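Letters A, B, ... mirror the listed sequences (proteins, then strands); counts begin at 1. Only a predicted model underlies this, so the values are computations on that prediction, with no experimental measurement involved. No hydrogens, no waters, no symmetry mates; every other heavy atom, side chains included, goes into these values.
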Amino acid sequence: MDIEGSFVLQGSPERVYGYLVDPGFIGDHLADVENVEVIDNDNFNVRAKVGIGFMKGKVDFKFHFDEKVAPKSGKLVGNGTGLGSKVDVTILFTLADGGESTTIGWKSHASLSGKIASIAGGALQSVVKKNTQRFIESIKQGIDAELSAAGAAAGRS
Amino acid sequence: MSRIQAIVNGRKVEADVEPRKLLIDFIREDLGLTGPHIGCDTSNCGACTVLYNGRAIKSCTMFAVQADGAEILTIEGVSTDGKLHPLQQAFHENHALQCGYCTPGMIMSSIDLLTRNPNPTEEEIRLGISGNLCRCTGYHNIVKAISSVAKSHIFVSPLKKAKEE
Amino acid sequence: MTESVTLHREETKNVKWVGSRYPRKEDLRFVTGNGMYASDIRIPGLAHVAIARSPYASAKIKGIDKSKALEVPGVVAVFTGEEIVAELDPLPNLLPSPYDKVKDYGIAVDRVRYAGEPIAVVVAESNYAAWDAVEQLEVDYEPLSPVLTAKSGCEKGAPLVHENVPTNVVWQRKFTYGDVDEVFKTADLVVSKKFKWHRFTSAPLEPNVVVVDYDKRHVIFNIWSNNQRPAFNQAAIAKALRIDANRLHFISPDIGGGFGIKNENYPYIILLAVAARRIGRPVRWIETRTEHMVASAHGSEINYEGEMAFSRDGKILGLRAKAYHDEGAYMRREPIAAFNFIRHATLTYTFRNLEMDIYAVVTNKCPVGPNRSYGKMQQGFLVERLLELGAKKLGIDPIEIRLRNFVSSEQMPYETPTGAILDGGDYSRALKKVLENMDYAALVKERDRLRSEGKLAGVGISMGMDACPINFSSNRLINPKSTASGESEAAWVKIDEDGNISAAVGTSPQGHGHETVVSQIVADVLGVHPEQVYALPGFDSWTHPSTPHSGTYASRFAIAGASAVNEAARRVRGKVLRIAAFALKEDVENLELADGSVVSTKGKGKVPLKEVARLAWRDLANLPEDEEPGLYSNVIYKTPFKLPIDSQRGNFSLTYSYSACVVLLEIDPGTGVSRVKRVGIVEDAGNQINPLIVEGQVHGQMGHQLGAALYEDLVYDEAGQLLTATFKDYLAPTASDLPSYETGSIVVPSLFTPLGTRGTGEGGGAPLIACANAMDDALLPLGVEYDSSYLSPIKIRELVKSASGK
């Protein structure tokens, strides 16, 4: 399942990039997260709650940054297991400098296999889409808030 | 573990159960009543149907702890006085069963149906048992069996009987 | 409580029990909830098994970490595929070299080949704990790209499903009969069409269950399961377990439906046997519905490219087809479905020119296995669909074109081009009867009325044929190295010293009512009431007789099982009469056996059966000199089969029951959803031992076939995940989805069986095919044709939309 999109943030790529490769920040914005455990700068584990139809339970993800080219691009890879299933996610993002702003282009590829894929059947596509969009929207708002807070703080000082 | 008390087939039972234990597993594994069966994981097939406070329910959709204080009737409690219930007799005479796996659930749903609607049309019978899957008979003879009981007005709720005793 | 419950029966005297609509003896335990299914077995010390399965359709297993799983409270043991396989040899298959090297252990080792394939066996104190531990198993996979259709599997450079054989096309043969090229060159009309036979499964309501207790003292595996032919499968199981087959003790108690699928649970028997031996405790595995749908066995899936040649007057001149079979990941009984076209390749018709080009291709999907009307309904679909298209093109009525092509009853027994010998029947009478029963003219009127209301509606007709049982010499055409031929069944009948009558047969029924029909047969031969005959339930290899062909599959009971029981009863009867003759000083010819006594027709008195039994077992000095004591006969009946005629012809079944079916289909053009408004069928199963049970089998075929045509479809996504893994998505029809059935029968006894019976039960797919033909009839006014055995609402809605847009 492939989904892609882009959004614009007010701020330089250098400032935005830091958030995008911060395991703690990313983990906080994933949808339906129960627990995030940051291991180091490149690795973090996430326990997510999953509920599709009558299937409810937890999926444990291992995330790591596979590539980091600051401040241009990055690749986040996640492998989850749980509920008799595997969830493999890859998120690629690129940053384009627009002077005052940065355009963040993203591409996500998710594949689900095992019980969840089998049982939830057709419902999956929309669930994955919704969660991915929520994640991106949450990151966007999160960085926005952090940047404007930082800006306000800077202004005050 | 939670302590539960229930009346099952007219008998009082008491047990400690794990909170997540399904009612069907309690009935089959703990009480040893293997009449109700398991045919799916999604509450579609109805093989596990029992009467719960007089109404047909799929016992795989409930937890054992929910049986606390309830009155439960399984297929094992349907025949009384050494005689088959009219529905059981009709299933036999009309060849309304082959492998017999769906039969206990099918009969419990039929009891519920005829209790609420003693004179169902064919369509109402088909709808009434549409929560129970049968893979052997194609339903033809099951519908015929239920209909024959309704038409001859010999249906008596096994619950009423149990209460009178 | 239930012991005292009795069945109320009408008393009938002096009737022949065979042929009567005798309600079943089995019913009492089933209607009271006292059936004994494999999941009802209770053994002290029982441990519970859950099976961890692959989430990927194709992947390498790089490692399995079971440490967390072993920490789950209540876990007894976790065995990975590698650990299990260390104690096993691979399961045998039917394929010729080099494809016989395809390795199949029933569990994956370093590579998974379909989503749902077992990868580890978890044993725990409870089912709940076992599943908890499965969740904690950490498996490192490297996903590979899967092969998901037969056609793509044939392509050059396609990923190999089994890397140790050269291609995914594991079996390929072209069978040619007559002068096919010539008739296609000179025919007045050739219709050609690509058809899809969709994947579905009979999905018995009881999932697979296996319980194994390893008896170390006697070196015996006690195996309770719902396998529908344990005696048949025992050789493969013993070979895999590297032990002698006589160390396997099989018990199949009551079975909750089989339909072929439950031939295929033997790989689990092997896995459980290893686990039981390793932990020294009895183990039980109960398959969940999801597991059943994902990983038990599916019916076959075929892409046909077919063409049929006709003369102007509607005679079929020839059939030519390519068939691409998607076999799934392992070849357990396959390529039988792909090969089974040969049993009645020309159906009820007289055409002599035929070419079938068969490709059996392995893919990364659930393995294909036997499924009611295994490979037979598929051939019926190909023939009947092409015939229907030909009739439309030629402007000949669909009834008329069938009548013109039928093998006539005067031609019986009739040898078909593939060497099948049709054992009698009257095809035109069956077709005419169903049309009469249904009032065909009124049906057509009703169709037209529906059309005038803006609905799509069609009437469809189809013949079906059910060839049975299996002459295993047919395996020689699949693999020239095969040395099998014929088939057999065993039965015993015994009258004990008190005159009690028992009988047993090796068929392990799954709801077929064999206890009843065995009782009827024995009752007639021994002159008693069926209630006086105790027919042993289920199958137990230590008490029931069996042969390597025993079991209930391929509609074989009415031939092999019934004949074996009948002969065993006849031999006991012969002995009863000889002993009575000696006691009465009367000639055997002057004796009759009726109402529980042997009576002299010449007035020389009578001896009760009980007294004959006492003489036979306890008063041995009063027996005739050369008479062996006891009243017992064990018979192995050999179905009269021959070797193949040549490398592509032979009579591979003994009886060919057939049916004619008519449906009226209504389709909502807005939603594409079809509904069967009326359906009728007339079947000829020859002499019927119990017409009530035969009718029940016809109803059952109807339910399965209409379900398959209208609701049931196994759908995989582009990653090889089955999307229809529960009854929420796999729409097994409910009572309100199906109509009532207008059934009828004609009886033309089989020319080749002792009782004139034909095997029946599977049916030949006529209701499903009639639905497909009805769909074409419904779409005719729109000028479009339909191409699949599954009447997909989505596809039909699109087809209707595109046609109305023209």
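For the pair Arg126(B) (side chain) and Thr734(C) (backbone), a donor-acceptor distance under 3.5 Å is absent. Glu93(B) contributes no side-chain N or O that, together with a main-chain N or O of Pro23(C), makes up a donor-acceptor pair within less than 3.5 Å.
Val31(C) and Ile107(B) get closest at one heavy-atom pair: O-CD1, 3.9 Å. The minimum heavy-atom distance between Ile255(C) and Cys99(B), with the atom names listed, is O-CB, 3.4 Å. Listed here is the closest heavy atom pair of Tyr101(B) and Leu205(C): CE2-O, 3.6 Å. Residues His95(B) and Ile693(C) approach most closely at NE2-CA, 3.7 Å, considering heavy atoms. Gln88(B) approaches Thr32(C) most closely through the heavy-atom pair NE2-CA, 3.7 Å. Closest heavy-atom contact between His699(C) and Asn141(B): CE1-OD1, 3.4 Å.
Looking at Lys728(C) and Asp41(B), no side-chain N of the basic residue comes within less than 4.0 Å of a carboxylate O on the acidic one, giving no salt bridge. Between Arg135(B) and Glu712(C), at least one side-chain nitrogen of the basic residue sits less than 4.0 Å from a carboxylate oxygen of the acidic one, meeting the salt-bridge criterion.
Side-chain atoms of Leu133(B) and Phe727(C), non-hydrogen and from C-beta on, do get closer than 4.5 Å to each other. At least one side-chain heavy atom of Cys136(B) sits less than 4.5 Å from a side-chain heavy atom of Phe259(C). Using a 4.5 Å heavy-atom cutoff, the side chains of Leu28(C) and Leu84(B) are in contact.
Looking only at heavy-atom pairs under 4.5 Å with chain B, the residue among Ala732(C), Gly35(C), Gly258(C), Gly703(C) that has the most is Ala732(C). The candidate from Gly257(C), Gly256(C), Ser126(C) with the greatest count of non-hydrogen atom pairs under 4.5 Å with chain B is Gly256(C). Comparing Gly707(C), Pro509(C), Gly700(C) by how many heavy-atom pairs each has under 4.5 Å with chain B, the most go to Gly700(C).
Heavy atoms closer than 4.5 Å to chain C are found in the backbone of Ile38(B), but not in its side chain. For Glu122(B), the part lying under 4.5 angstrom from a heavy atom of chain C is the side chain only. The contact between Thr137(B) and chain C is made entirely by backbone atoms, counting heavy-atom distances below 4.5 Å. Neither the backbone nor the side chain of Gln701(C) comes within contact range of chain B; no heavy atoms are under 4.5 Å apart.
Near-neighbour residues of residues 22-36 of chain B relative to chain C, defined by a heavy atom under 4.5 Å from a heavy atom of that chain, comprise Leu22(B), Asp25(B), Arg28(B), Glu29(B), Thr34(B), Gly35(B).
Note: Tyr741(C) and His140(B) have parallel aromatic rings, judged against thresholds of 30 and 60 degrees for the angle between ring planes.
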Could you walk me through whether Gln98(B) and Gln510(C) pass side chain to side chain contact (heavy atoms under 4.5 Å, CB included), step by step?
CA-CA 8 Å; Gln98(B) 289 180 30; Gln510(C) 311 110 46; over 6 Å; no
